Each structure stands twice: as structure tokens, then as C-alpha cells.
A.B. asks: 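Mind having a look at this structure? Questions to follow.
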Amino acid sequence: MRDLVIFGAGGYGREVRQVVEDVNADASEWNLAGFLDGDPALHGQAVRDLPVLGGPEWLDGRGDVAVALAVGGPAGRRAVAERIGAARCATLVHPGAWIGNHVALGTGTIVLAGVTVSTDIAIGDLVCLNKNCIVGHDAVIGRYATISPGASISGYVRVGEGCDVGANSVIVQGHAVGDWSVVGAGAVVTKDLPAGVTAVGVPARVIKARDA
């Protein structure tokens, strides 16, 4: 078994711990040593029975330890990955997820229980596919994206790098969401969205654009 730590000691980190435990229940794969977190106030504390070992510096000199990157926000996930090195991040798929045969999962992507990913799909590095989300055929999801619980990504959709797709939202077939855009919870995207915007509502409309 390879040693593993979870970066992120909050709620998402505890969910990722459950993924690790359920993976190990099928076949012992990971020796979970504890958590890391960027908040020094948590260092030395415990999350249930596992210690918070430190921050990213704890990994220095421990190149054999893999990291489950349990940081929910795309920007935060990118920042930590750049600090620790994305190549050491573990790809985790809950045994209760359904992943088709012709799906490419990037390094460090985490797939929670109930996720459905059908066929001919490309998912980038360090993506979060949260509980019960759906990704349809021929979709492409860029690195660092977060697909929140219950979101539905239809066929031929393109979700750009760093997008945050809200809970129970829908992106209608064939449309694209530009890099680092946010789709609000429950929104329905019926046309392409540019990069760096926030869109909410049914149908989704842009309410905020990235500062120039």
C-alpha cells in the first residue's frame, strides 16, 4: 500500500476520507496517514482519529507520499497543486461511481459516490466530480474544474479550466462554459458562456464579469 495524506481537513476532506476507506474495502490500496491543511491553527489537532500533520511543507522530503487534494474551490486547488506538485496527487474513484470504458480521467481527479460518467469523455487533471453529478457523452471538462453535487453536464458540453459548476445546475447539450467561470446552483445554461463570468438563473444569465 502507498502512503497517502488528504490535503484539506474540512468537510470535503472528510468526504474524501470516506472515498479512500471505501476503495480500501474493495482492495487495500492506500495507507492513510492523516490530513494536511493550510491553516496553522489546525496543525496538531485531529479529525476524528487522524492527525492534522501540518501544511504543505510537511511533504518536503517525502516524495513517496501521495496526496488526495480535497480543496473544493478551483483556484485554491490550483494553488496547492502548484505548491506540492500535481504529479503526486492521487486519482480516486469511489466504487459506487459509474465510469464508462471510454473515459479519460486526469491525474488527481476525485470522483465521489453516485457519479455517472458515460462514454467518450475527457476529464482533466485535478477535477472534482462531486456526489451524484452526471457527465454526458463526448463532454470535455478542463483541469481544476469543480462539478458540484447533482449537476448535470449534457452531451458534447465543454466546461473550461477552473470552472465552478453549482449544485443541481444543468448545462444543455452542445454548449460551452469558458475558463474560470461560475455557474450558480440550480442554473440552466442554454447558450455558451464566455470566460471569467458568473451566471445564474433559468435560463442562466451573466450577472458578473471578470474585472479587466
Side-chain angles (χ1 to χ4, degrees), residues 1-37 47-50 66-74 76-77 80-81 86 88-155 157 159 162-171 183-187:
M1 291 194 297
R2 186 177 179 188
D3 289 340
L4 176 74
V5 293
I6 297 172
F7 196 106
Y12 182 37
R14 287 182 276 117
E15 290 181 329
V16 171
R17 177 183 180 175
Q18 187 66 56
V19 175
V20 174
E21 291 176 348
D22 290 349
V23 167
N24 280 345
D26 281 355
S28 296
E29 185 173 349
W30 301 105
N31 175 37
L32 184 56
F35 292 87
L36 303 179
D37 201 275
V47 178
R48 299 202 180 104
D49 57 332
L50 287 177
V67 180
L69 192 43
V71 177
R77 196 178 313 127
V80 175
R88 75 187 303 162
C89 293
T91 304
L92 299 173
V93 178
H94 191 280
W98 180 64
I99 309 294
N101 291 332
H102 302 285
V103 173
L105 284 180
T107 299
T109 286
I110 296 178
V111 182
L112 273 68
V115 169
T116 298
V117 182
S118 61
T119 191
D120 299 303
I121 292 164
I123 296 172
D125 296 341
L126 295 158
V127 168
C128 167
L129 296 181
N130 219 312
K131 300 177 293 295
N132 299 315
C133 70
I134 298 171
V135 183
H137 63 85
D138 300 285
V140 176
I141 298 178
R143 61 181 179 172
Y144 307 123
T146 293
I147 312 301
S148 296
S152 182
I153 310 297
S154 302
V157 163
V159 175
C163 288
D164 195 340
V165 179
N168 297 312
S169 60
V170 176
I171 304 177
V183 176

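For clarity, every value in this text was computed on a predicted model and none was experimentally measured.
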A.B. asks: Taking all heavy atoms of Ala33 and all of Leu50, pick out the closest pair and write down the distance.
C.D. replies: O-CD2, 4.3 Å
A.B. asks: Mind listing the side-chain donor-acceptor pairs of residues 119-130 below 3.5 Å, one per line with the distance, residues two or more places apart or on another chain?
C.D. replies:
| unit_1 | atom_1 | unit_2 | atom_2 | d |
| --- | --- | --- | --- | --- |
| Asp125 | OD1 | Thr107 | N | 2.9 |

A.B. asks: Under a 3.5 Å distance rule, please check whether Asn31 uses its side chain to pair with a backbone N or O of Arg2 as donor and acceptor.
C.D. replies: no
A.B. asks: What residues form a side-chain contact (heavy atoms from CB on, under 4.5 Å) with Leu4, not counting sequence neighbours?
C.D. replies: Val20, Trp30, Leu32, Ala66, Ala68, Ala90
A.B. asks: At their closest point, which heavy atom of Ser169 faces which heavy atom of Gly184, and how far apart are they?
C.D. replies: CB-O, 3.6 Å
A.B. asks: For residues 4-17, which residue pairs qualify under side-chain hydrogen bond (donor to acceptor under 3.5 Å, both in side chains), counting only residues two or more places apart or in two chains?
C.D. replies: Glu15-Lys131, Arg17-Glu21, Arg17-Asp49
A.B. asks: Nearest heavy-atom pair of Leu69 and Cys89: which atoms, and what distance?
C.D. replies: CD2-SG, 4.1 Å
A.B. asks: Applying ring-ring contact (aromatic ring centres under 6.0 Å, His included), which residue pairs with at least one partner in residues 118-137 are found, sequence neighbours left out?
C.D. replies: His137-Tyr156
A.B. asks: Using the test side-chain contact (heavy atoms from CB on, under 4.5 Å), find all partners of Asn168 that sit at least two apart in sequence or belong to another chain.
C.D. replies: none
A.B. asks: For Gly13 and Ala70, work out which heavy atoms get closest and say how close.
C.D. replies: CA-CB, 3.6 Å
A.B. asks: Can you give the donor-acceptor pairs under 3.5 Å from side chains of residues 144-153 to other protein atoms, not counting sequence neighbours?
C.D. replies:
| unit_1 | atom_1 | unit_2 | atom_2 | d |
| --- | --- | --- | --- | --- |
| Thr146 | OG1 | Gly72 | O | 2.7 |
| Thr146 | OG1 | Arg77 | NH2 | 2.5 |
| Ser148 | OG | Val165 | O | 2.9 |

A.B. asks: Please check if the number of heavy atoms outside Arg48 that lie under 6.0 Å from its CZ is greater than 12.
C.D. replies: no
A.B. asks: Stepwise, does the side-chain contact (heavy atoms from CB on, under 4.5 Å) test hold for Val115 with Cys133?
C.D. replies: CA-CA 5 Å; Val115 169; Cys133 70; 3.9 Å; yes
A.B. asks: For the CD1 atom of Ile110 and the CD1 atom of Ile6, what is their distance to the nearest 0.5 Å?
C.D. replies: 8.0 Å
A.B. asks: Of all heavy-atom pairs between Ala9 and Asp37, which one has the smallest distance, and what is that distance?
C.D. replies: N-OD2, 2.9 Å
